[in-house]
Amino acid sequence: MGEFSMKDALRQFLNKSKIKGDIQALQIEEVWEKLMGKTISKYTHSIKIIHHTLIITTNVGPLKQELLYQKVNIMNRVNEALGEGVVKEVIIK
């Protein structure tokens, strides 16, 4: 039996468990401002990942339109930050 660091052991556990997606979904709130900037973060009310779908909520019309145009870019940035194919679809509300 080999030795593992705590980090490696947790990573291995998460890769095999069903809670990995839930943990990544929680991380989106932490990395959103880094990914999109302070202004966009300030005017987005809710950011959630549910079943590989990123749901972004905003009440600002021009921002909503810009986010709609940037859906693929947003998906790529989030997947790069959180790893693997966490997000397969983006919905702007």
Side-chain angles (χ1 to χ4, degrees):
M1 200 166 159
E3 292 184 28
F4 291 99
S5 69
M6 182 63 89
K7 180 179 177 181
D8 292 337
L10 282 172
R11 183 175 290 142
Q12 194 172 41
F13 169 74
L14 290 174
N15 284 336
K16 292 181 181 179
S17 74
K18 294 182 180 183
I19 63 169
K20 180 181 180 184
D22 295 335
I23 290 173
Q24 288 172 323
L26 292 173
Q27 289 176 323
I28 187 64
E29 294 176 8
E30 295 174 16
V31 299
W32 183 248
E33 185 175 324
K34 290 179 190 175
L35 293 175
M36 302 306 293
K38 286 185 179 188
T39 305
I40 290 176
S41 177
K42 181 179 176 180
Y43 292 107
T44 50
H45 300 290
S46 174
I47 300 97
K48 300 177 193 171
I49 298 175
I50 301 173
H51 303 295
H52 299 284
T53 302
L54 175 63
I55 302 168
I56 305 166
T57 306
T58 182
N59 291 331
V60 180
L63 176 60
K64 185 176 184 178
Q65 202 60 34
E66 183 62 32
L67 292 173
L68 285 168
Y69 288 124
Q70 296 294 327
K71 283 171 106 173
V72 173
N73 187 23
I74 293 168
M75 184 170 58
N76 291 337
R77 283 182 171 185
V78 170
N79 283 331
E80 187 177 311
L82 299 181
E84 302 171 18
V86 176
V87 175
K88 296 180 180 172
E89 184 181 2
V90 177
I91 296 175
I92 316 293
K93 291 183 175 185

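Because the structure is a prediction, the values reported are computed rather than measured. This chain uses plain numbering: 1 for the first residue, then up along the sequence.
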Check: Would a 4.5 Å heavy-atom cut-off, applied to side chains only, mark V86 and I28 as touching?
Finding: no
Could you tell me the separation between the [atom1] atom of [X] and the [atom2] atom of [Y], rounded to the nearest 0.5 Å?
X   : Y   : atom1 : atom2 : value
K71 : N76 : NZ    : CG    : 13.5 Å
I91 : T53 : CD1   : OG1   : 5.5 Å
I92 : K64 : CD1   : NZ    : 9.0 Å
I56 : I40 : CD1   : CD1   : 9.0 Å
E89 : I50 : CD    : CD1   : 11.5 Å
E29 : I49 : CD    : CD1   : 9.5 Å

Item checked: side chain to side chain donor-acceptor pair (under 3.5 Å) involving T44 - partner list, sequence neighbours excluded -> W32
Next item on the list: Please name the pair of heavy atoms, one in L35 and one in R77, separated by the smallest distance, quoted to 0.1 Å.
Entry: O-NH1, 2.7 Å
Note to self: Does Q65 form a side-chain contact (heavy atoms from CB on, under 4.5 Å) with L68? I'd like the steps, not just the answer.
What the structure shows: CA-CA 5 Å; Q65 202 60 34; L68 285 168; 4.1 Å; yes
Check: For Y43, does its backbone N or O pair with a side-chain atom of T58 as donor and acceptor, under 3.5 Å?
Finding: yes
Note to self: Tell me which one of V31, N73, V90, L54 satisfies side-chain contact (heavy atoms from CB on, under 4.5 Å) with V78.
What the structure shows: L54
